[in-house]
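So the structure is just underneath, and the comments pick up after that.
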Amino acid sequence: MAPRWRISEWLNTPVPVDLEAQRGHVVAACAFQMLCPGCVAHAIPQMKAVHELFGPQGVVVVGLHTVFEHHEAMTVAALRAFIHEYSIRFPVGVDKPAEDGGPVPQTMAVYRMQGTPTLMLIDRAGQLRWQTFGHVPDLRLGAEIMRLVDEH
């Protein structure tokens, strides 16, 4: 099963996005940082497109703001402005800081992410089926999502 996310605050949603509550849906989650050039140039626009194209088919898109550097600059207030300026409409969770005060936040550590952007696909049964670090070509991502959507 996909480990639960450790989120301190949710934006763009009236209720927290709980992974167990998403059973029956394919979940596309992207861990990003608002100061990550690859996230801003590729991952965020790609996830916005996934939300628009696959949302009507029941795919749940979630952003995970996973800050492991420049902590003082990437506050929740700055993230709210970023979400507004980039017209992000899907839920975004703020990864909880490390309990030991280290730089790597909790969800990032549990999923053993190498950095941002990290894309994760979780199937209808709640299993982490695909996780990759870095840019994913659009056609590849679409094919991976459709493979999970078409499973019965």
Side-chain angles (χ1 to χ4, degrees), residues 1-136 141 144-145 148:
M1 302 309 291
R4 71 174 178 80
W5 296 322
R6 278 111 172 140
I7 303 299
S8 61
E9 185 171 350
W10 283 98
L11 306 174
N12 276 359
T13 179
V15 296
V17 179
D18 178 61
L19 270 179
E20 277 195 38
Q22 303 312 312
R23 297 273 169 87
H25 298 279
V26 172
V27 176
C30 181
F32 73 97
Q33 294 184 99
M34 61 185 153
L35 294 180
C36 162
C39 298
V40 174
H42 301 290
I44 296 296
Q46 188 175 57
M47 295 310 287
K48 288 171 60 176
V50 169
H51 180 67
E52 290 175 25
L53 295 170
F54 295 102
Q57 296 178 33
V59 174
V60 176
V61 176
V62 176
L64 302 171
H65 194 240
T66 307
V67 178
F68 59 92
E69 58 189 354
H70 309 300
H71 292 84
E72 64 285 344
M74 291 195 267
T75 64
V76 173
L79 179 59
R80 279 192 184 95
F82 177 87
I83 288 169
H84 174 76
E85 291 300 320
Y86 283 85
S87 301
I88 296 169
R89 303 286 178 243
F90 49 83
V92 174
V94 178
D95 200 352
K96 282 186 179 179
E99 290 179 342
D100 64 3
V104 178
Q106 293 181 32
T107 303
M108 184 178 205
V110 166
Y111 278 82
R112 295 182 176 100
M113 294 179 203
Q114 296 174 314
T116 57
T118 294
L119 181 69
M120 297 160 282
L121 295 179
I122 300 166
D123 68 15
R124 296 176 194 275
Q127 292 186 16
L128 178 63
R129 296 282 296 275
W130 197 59
Q131 179 174 321
T132 190
F133 168 60
H135 175 67
V136 177
L141 178 57
E144 294 293 339
I145 290 171
L148 295 180

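Keep in mind that this is a model prediction, so the values were computed, not measured.
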Candidate pair Trp130 and Leu119, rule side-chain contact (heavy atoms from CB on, under 4.5 Å), full reasoning: CA-CA 8 Å; Trp130 197 59; Leu119 181 69; 3.6 Å; yes
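- With sequence neighbours left out, Pro45 forms a side chain to side chain contact (heavy atoms under 4.5 Å, CB included) with no residue at all.
- For Phe133, the CZ atom counts as densely surrounded, since its 6.0 Å shell holds more than 12 non-hydrogen atoms of other residues, nucleotides or ligands.
- Looking at every heavy atom in both residues, Leu35 comes nearest to His70 through CD1-CB, 4.3 Å.
- Side-chain N or O atoms of Gln106 include none that pairs as donor or acceptor with a backbone N or O of Ala98 at under 3.5 Å.
- Atoms CE and SG, on Met74 and Cys36 in that order, are 8.5 Å from each other to the nearest 0.5 Å.
- Within the model, atoms CG of Leu141 and CZ of Phe54 stand 7.0 Å from one another, a figure rounded to the nearest 0.5 Å.
- Note on ring orientation: taking the six-membered ring where Trp is involved, the planes of Phe82 and Phe32 are parallel (angle under 30°, cut-offs 30° and 60°).
- Across Ala28 and Met47, no two heavy atoms sit closer than the pair O-CE, 3.6 Å.
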Steps toward side-chain contact (heavy atoms from CB on, under 4.5 Å) verdict (Arg129, Glu144): CA-CA 10 Å; Arg129 296 282 296 275; Glu144 294 293 339; over 6 Å; no
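- Looking only at side-chain heavy atoms (C-beta outward), Met113 and Met120 come within less than 4.5 Å of each other.
- Note that NE2 of His65 is 13.0 Å distant from OG1 of Thr107, once rounded to the nearest 0.5 Å.
- The structure places CD1 of Ile145 at 5.5 Å from CG of Leu121, a figure rounded to the nearest 0.5 Å.
- With sequence neighbours left out, Ala78 forms a side chain to side chain contact (heavy atoms under 4.5 Å, CB included) with Met34, Thr75.
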Ile122 vs Gln22, side-chain contact (heavy atoms from CB on, under 4.5 Å): CA-CA, chis, key distance, verdict: CA-CA 10 Å; Ile122 300 166; Gln22 303 312 312; over 6 Å; no
side-chain contact (heavy atoms from CB on, under 4.5 Å) between Asp95 and Leu64, worked out: CA-CA 6 Å; Asp95 200 352; Leu64 302 171; 5.8 Å; no
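- Nearest approach of Asn12 to Pro91, heavy atoms of both residues: CB-CA, 3.9 Å.
- Side-chain contact between Leu148 and Arg124 is absent, with no heavy-atom pair separated by less than 4.5 Å.
- Side chain of Gln46 to backbone of Val136: a donor-acceptor contact under 3.5 angstrom is found.
- When the options Ile88, Val59, Val61, Val62 are evaluated for a side-chain contact (heavy atoms from CB on, under 4.5 Å) with His51, the one that passes is Val61.
- Residue Leu79 holds its CG atom at 11.0 Å from CD of Gln33, rounded to the nearest 0.5 Å.
- The two atoms that bring Val17 and Trp10 nearest to each other are O-CZ2, 3.3 Å, heavy atoms only.
- Remark: side-chain polar atoms of Arg6 are paired, donor with acceptor, to backbone N or O of Arg4 under 3.5 angstrom.
- Under a 3.5 Å cut-off, the side chain of Ser8 and the backbone N or O of Val94 do form a donor-acceptor pair.
- Remark: Arg23 pairs with Met1, Glu20 by the side chain to side chain contact (heavy atoms under 4.5 Å, CB included) rule, at least two apart or across chains.
- Atom CZ of Phe68 is separated from atom CE of Met108 by 4.5 Å, given to the nearest 0.5 angstrom.
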